[in-house]
Amino acid sequence: MNVPGDRLAAILGGMRAAEACRIDADTSPDARLLAVSKTRDAGEVAALAACGQFAFGENYVQEALAKQRELTHVPLEWHLIGHLQSNKAREAATAFDWVQTLDRAKLVALLAQHRPPDRAPLNVLIQVNIDDEASKSGCRPDDITALSDAIAGQPRLRLRGLMAIPAPDPDMARRRDAFRAMKSLFDDLAARHADIDTLSMGMSEDYGLAIAEGATMVRIGTALFGPRNARRPGSSTSGTASSA
Ligand SMILES: *Cc1c(COP(=O)(O)O)cnc(C)c1O
């Protein structure tokens, strides 16, 4: 039995089923899977890559760098999904292909300044605090326009869309409201920046719902790798973004 391959196949099947539930199922793009590899070792990443999964998400810059050093022989795409502190922006601009947690103007300038000239522009998503939780990162919906224009003015950055981590509300109807609100913000942003293509939302527990409501990328850890038990100090075992 090939456990990583079986879990991957089950999730991809669930994603395809959820796409069929979309209102605009005929015209909307397939959703992409981001495998969230925080707390997993390089061997587990390599096992999934051997099954055809090449996009991985990490919450911490240092943890990502350590795995990348062991995996130089595999062409992988790395996404930062944890909160980005300004003093880590230089390393993040080098270590990742995507930063999904851009949530303030200061990071726009820092990431653009430090993206190495020999690399493709850094793909970025604006993280939105959709539930207006005081403790969480992410910008306010009202800040999206100014941030998106700032990103569009930076040739070393490429704006790809929006990301959110809705509150893990046990009431799925309320999660759906958050996903719908994000889809509406995404459509508004697409009217201003026509080439955006990514709405990153939905995790192990709710990725089907997120895709049905318009997610084009889901970020899945537990359902792919099994429960996280190896914990880093200060890391989170729930879906909330931990600090980079
Ligand atoms: C950990 C994490 C995930 C994955 O959560 P699971 O519930 O394990 O699928 C997704 N997004 C972010 C930002 C995370 O920190």
Side-chain angles (χ1 to χ4, degrees), residues 3-4 6-15 18 31-41 44-45 47-48 53 55-64 67 77-85 88 92 95-104 107 123-131 133 135-139 160-170 172 175 178-179 182 198-244:
V3 174
D6 290 348
R7 288 198 177 120
L8 179 63
I11 288 165
L12 292 173
M15 290 171 62
R32 288 187 72 199
L33 171 62
L34 182 70
V36 175
S37 48
K38 62 182 174 206
T39 76
R40 314 294 172 172
D41 63 29
E44 291 174 278
V45 172
L48 264 188
Q53 173 64 34
F56 290 86
E58 289 283 344
N59 290 59
Y60 296 94
V61 179
Q62 297 307 330
E63 187 178 344
K67 284 172 214 182
E77 180 183 292
W78 292 96
H79 294 232
L80 178 67
I81 60 170
H83 177 70
L84 180 56
Q85 292 164 5
K88 297 279 170 60
F96 292 93
D97 302 292
W98 291 60
V99 169
Q100 297 206 4
T101 49
L102 198 166
D103 63 356
R104 54 198 192 278
L107 288 177
N123 298 292
V124 296
L125 300 179
I126 298 172
Q127 184 183 358
V128 184
N129 185 352
I130 195 61
D131 295 311
E133 288 181 277
S135 63
K136 258 202 331 209
S137 34
C139 73
R160 301 295 295 262
L162 300 178
M163 178 270 209
I165 313 168
D169 198 311
M172 283 293 167
R175 287 200 211 185
F179 292 146
M182 282 301 301
T198 304
L199 177 56
S200 168
M201 60 184 189
M203 310 192 299
S204 290
E205 279 192 349
D206 55 15
Y207 69 91
L209 183 59
I211 288 173
E213 297 299 338
T216 70
M217 184 182 290
V218 291
R219 309 177 307 264
I220 299 186
T222 310
L224 258 181
F225 290 104
R228 281 185 285 281
N229 35 32
R231 293 190 64 175
R232 278 174 48 123
S235 74
S236 165
T237 52
S238 77
T240 52
S242 312
S243 173

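Just so you know, ligand 1 is whichever comes first in the structure, and atom 1 is the first atom listed for that ligand. Residue indices begin at 1 and follow the sequence shown.
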Sub-4.0 Å atoms of ligand 1 with respect to non-hydrogen atoms of G221: 4 (C), 6 (P), 8 (O), 9 (O)

Using only atom types and a distance under 3.5 Å, with no angle test, would you say the side chain of K38 pairs donor to acceptor with the backbone of G82? no

Quick check: does V36 get an N/O under 3.5 Å from an N/O on ligand 1? no

Test side chain to side chain contact (heavy atoms under 4.5 Å, CB included) applied to L199 and L162, I211, L125, V218, the passing residue: L162

Below 4.0 Å, non-hydrogen atoms only: which portion of N59 touches ligand 1? Side chain, backbone, both or neither. side chain

With atoms numbered from 1 as shown, which atoms in ligand 1 lie under 4.0 angstrom from a non-hydrogen atom of T222? 6 (P), 7 (O), 8 (O), 9 (O)

Please work out, at 4.0 Å between heavy atoms, whether the side chain, the backbone, both, or neither of Q100 comes within that distance of ligand 1. neither

Is a side-chain donor or acceptor of R219 paired with a backbone partner of L34 at a separation under 3.5 angstrom? no

Are the side chains of D103 and H83 in contact, using a 4.5 Å heavy-atom criterion? yes

Which ligand 1 atoms are under 4.0 Å away from a heavy-atom of I165? 13 (C)

Quick check against the 3.5 Å criterion: does S204 have a side-chain atom that pairs as donor or acceptor with the backbone of A223? yes

Count the heavy atoms of every other residue, nucleotide or ligand shown that sit under 6.0 Å from CD of E205, and state whether that count exceeds 12. no

Check ligand 1 against I81 and write out every atom of the ligand that is under 4.0 Å from a heavy-atom position of the residue. 11 (N), 12 (C), 13 (C), 14 (C)

Under-4.0 Å heavy-atom contact with ligand 1, by part of E205 that carries it: neither

If we number the atoms of ligand 1 from 1 as shown, the ones under 4.0 Å from a heavy atom of I220 are 9 (O)

Is the H79 ring parallel, tilted or perpendicular to the W98 ring (thresholds 30°, 60°)? parallel

Numbered in order shown, the ligand 1 atoms found under 4.0 Å of a heavy atom of R219 are 4 (C), 9 (O), 10 (C), 11 (N), 12 (C), 13 (C)

